[in-house]
Amino acid sequence: PGFVAPLPTSNRQLPHRERSRSIIPSDMASIRKPASALPPTSGSAAGDLPLGSAADAPHGSRPEQVYTRLRDLIVQGLLSPGSRIVETEIATRLGVSRTPVREALQRLQQEGYVNGSPGAQQSRLTVAPLTRDDVYELLNIVGALEGMGARGAGLLPPSERHALARELRTLNAEFQRAGKAVPIDHGSLYDADERFHRRIVEASAGPRLLALHDAVKPQAERYIRMYISMLTGDIRTSVYEHDLIIASIDEGRADDAELA
């Protein structure tokens with residue numbers, strides 16, 4: 001649970017169980033703008049960015065490194081919605097051939113980060129906009145996945161639940177400290193919240209749930225990071241909601257953990 005963006009008056013409010021377990025600013029007047037796209041970030045086009053090299057990305061195959069590098073730039077808003085993605089420019093700046101770049105871009109298209117029809121010319125590829133429909137679809141999916149993780153954590157043996165609860169209390173304390181910082185570091189606040197919920201998912205999830213969470217959460221993160229700087233309210237509500245999740249897991253109340 002966290003701060004949830006209000007739906008326009010013409011639509012229903014998200015049910016509690018569908019809310020994303022992430023920090024979402026509650027006061028977002030811009031969400032009421034036309035659904036075509038949300039406002040762009042202050043990011044740049046690919047040609048203006050210090051992309052570094054593929055070696056700067058985490059270890060893995062070359063396509064995986066290129067994919068990770070580009071995805072991080074999109075998620076962090078450094079490549080803003082609508083920015084052109086030119087295959088040859090990226091290959092040159094990353095110091096790789098066009099083949100791993102092409103494979104990475106195909107994967108980014110499949111996951112919704114980049115727009116372009118199959119076989120489109122490289123000049124037609126752009127960073128996908130964030131529409132209102134995208135936002136609510138992503139938040140619903142993330143909320144469902146993290147709810148499943150919390151339910152699984154609540155079904156663990158008592159000794160494992162108690163150990164996990166102690167760890168989660170420590171993570172929630174870190175989240176609370178990040179929220180009290182002056183000036184507030186919204187990146188650190190997001191990271192602390194993400195560590196809390198990711199730990200719950202990791203505690204009991206199988207490889208499929210983890211893979212789904214890995215694939216979808218960064219897409220939601222793109223939206224969350226764009227707007228988290230608007231978060232100026234008290235985070236005590238989120239800290240309290242975290243405490244409810246922890247208590248439900250600790251006491252083995254799996255249904256409550258999923259809904260919290």
Side-chain angles (χ1 to χ4, degrees), residues 1-6 13-28 31 75-77 135 138-140 142-154 156 158-205 210 213-214 216-260:
F3 297 86
V4 180
Q13 185 70 26
L14 284 175
H16 182 72
R17 68 179 298 159
E18 294 178 351
R19 296 176 184 174
S20 170
R21 291 166 168 78
S22 308
I23 303 174
I24 307 295
S26 58
D27 182 16
M28 287 191 283
I31 200 70
V75 165
Q76 295 167 14
V135 169
L138 287 168
L139 296 187
N140 284 338
V142 170
L145 294 175
E146 294 184 346
M148 291 172 62
R151 177 179 178 79
L156 291 170
S159 61
E160 295 183 34
R161 294 199 316 267
H162 301 332
L164 176 61
R166 288 193 295 271
E167 188 175 348
L168 292 175
R169 291 187 183 98
T170 298
L171 292 173
N172 198 26
E174 293 175 1
F175 170 75
Q176 187 172 26
R177 284 195 296 273
K180 290 181 176 179
V182 180
I184 190 169
D185 183 339
H186 294 96
S188 295
L189 189 61
Y190 173 86
D191 291 342
D193 185 70
E194 171 59 17
R195 286 193 297 272
F196 177 86
H197 293 292
R198 178 64 179 186
R199 183 65 191 94
I200 295 173
V201 174
E202 290 175 341
S204 66
L210 287 172
H213 193 256
D214 285 339
V216 177
K217 188 61 181 282
Q219 298 180 52
E221 176 186 350
R222 181 183 173 208
Y223 165 77
I224 296 165
R225 286 192 183 275
M226 184 185 297
Y227 282 101
I228 198 171
S229 61
M230 298 174 62
L231 180 60
T232 58
D234 198 323
I235 68 162
R236 284 180 297 183
T237 299
S238 288
V239 173
Y240 172 71
E241 290 176 343
H242 286 176
D243 284 336
L244 292 179
I245 297 172
I246 295 169
S248 298
I249 291 173
D250 197 14
E251 297 167 12
R253 294 183 282 109
D255 289 343
D256 292 341
E258 181 176 11
L259 295 173

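Small disclaimer: the values here were computed from a predicted structure and weren't measured. Side-chain atoms are counted along with the backbone in the values below, which use heavy atoms only and exclude waters and symmetry mates.
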Test log, rule side chain to side chain contact (heavy atoms under 4.5 Å, CB included), inputs H197 and I245
CA-CA 10 Å; H197 293 292; I245 297 172; 4.1 Å; yes
Can you name the side-chain contact (heavy atoms from CB on, under 4.5 Å) partners of [X], sequence neighbours left out?
{"X": "A163", "answer": "R166"}
{"X": "E174", "answer": "T170, L171, R177, R195"}
{"X": "L244", "answer": "Y240"}

If you look at every heavy atom in [X] and [Y], which pair is closest and at what distance?
{"X": "A203", "Y": "L164", "value": "CB-CD2, 3.6 Å"}
{"X": "L139", "Y": "A220", "value": "CD2-CB, 4.4 Å"}
{"X": "S248", "Y": "D256", "value": "OG-CB, 3.5 Å"}
{"X": "A153", "Y": "S204", "value": "N-OG, 3.2 Å"}
{"X": "I184", "Y": "G179", "value": "CD1-O, 3.8 Å"}

Separation of [Y] [atom2] from [X] [atom1] (nearest 0.5 Å):
{"X": "R161", "Y": "I246", "atom1": "CZ", "atom2": "CD1", "answer": "14.5 Å"}
{"X": "E241", "Y": "D243", "atom1": "CD", "atom2": "CG", "answer": "10.0 Å"}
{"X": "I200", "Y": "E167", "atom1": "CD1", "atom2": "CD", "answer": "10.0 Å"}
{"X": "S188", "Y": "F175", "atom1": "OG", "atom2": "CZ", "answer": "12.0 Å"}

Check for a donor-acceptor pair, side chain of R151 on one end and backbone N or O of E258 on the other, with a separation under 3.5 Å.
no
Is there a donor-acceptor pair under 3.5 Å between the side chain of N172 and the backbone N or O of V239?
yes
Do R198 and H213 come within less than 4.5 Å of each other through their side chains, counting heavy atoms only?
yes
Report yes if some heavy atom in the side chain of Y223 is under 4.5 Å from a heavy atom in the side chain of L138; otherwise report no.
no
Evaluate the side chain to side chain contact (heavy atoms under 4.5 Å, CB included) criterion for residues E146 and K217: first the C-alpha distance (whole Å), next the side-chain angles of each, then the deciding distance (0.1 Å), finally the verdict.
CA-CA 10 Å; E146 294 184 346; K217 188 61 181 282; 2.9 Å; yes
Could you check whether R169 and H242, counting side-chain N and O atoms only, form a donor-acceptor pair closer than 3.5 Å?
no
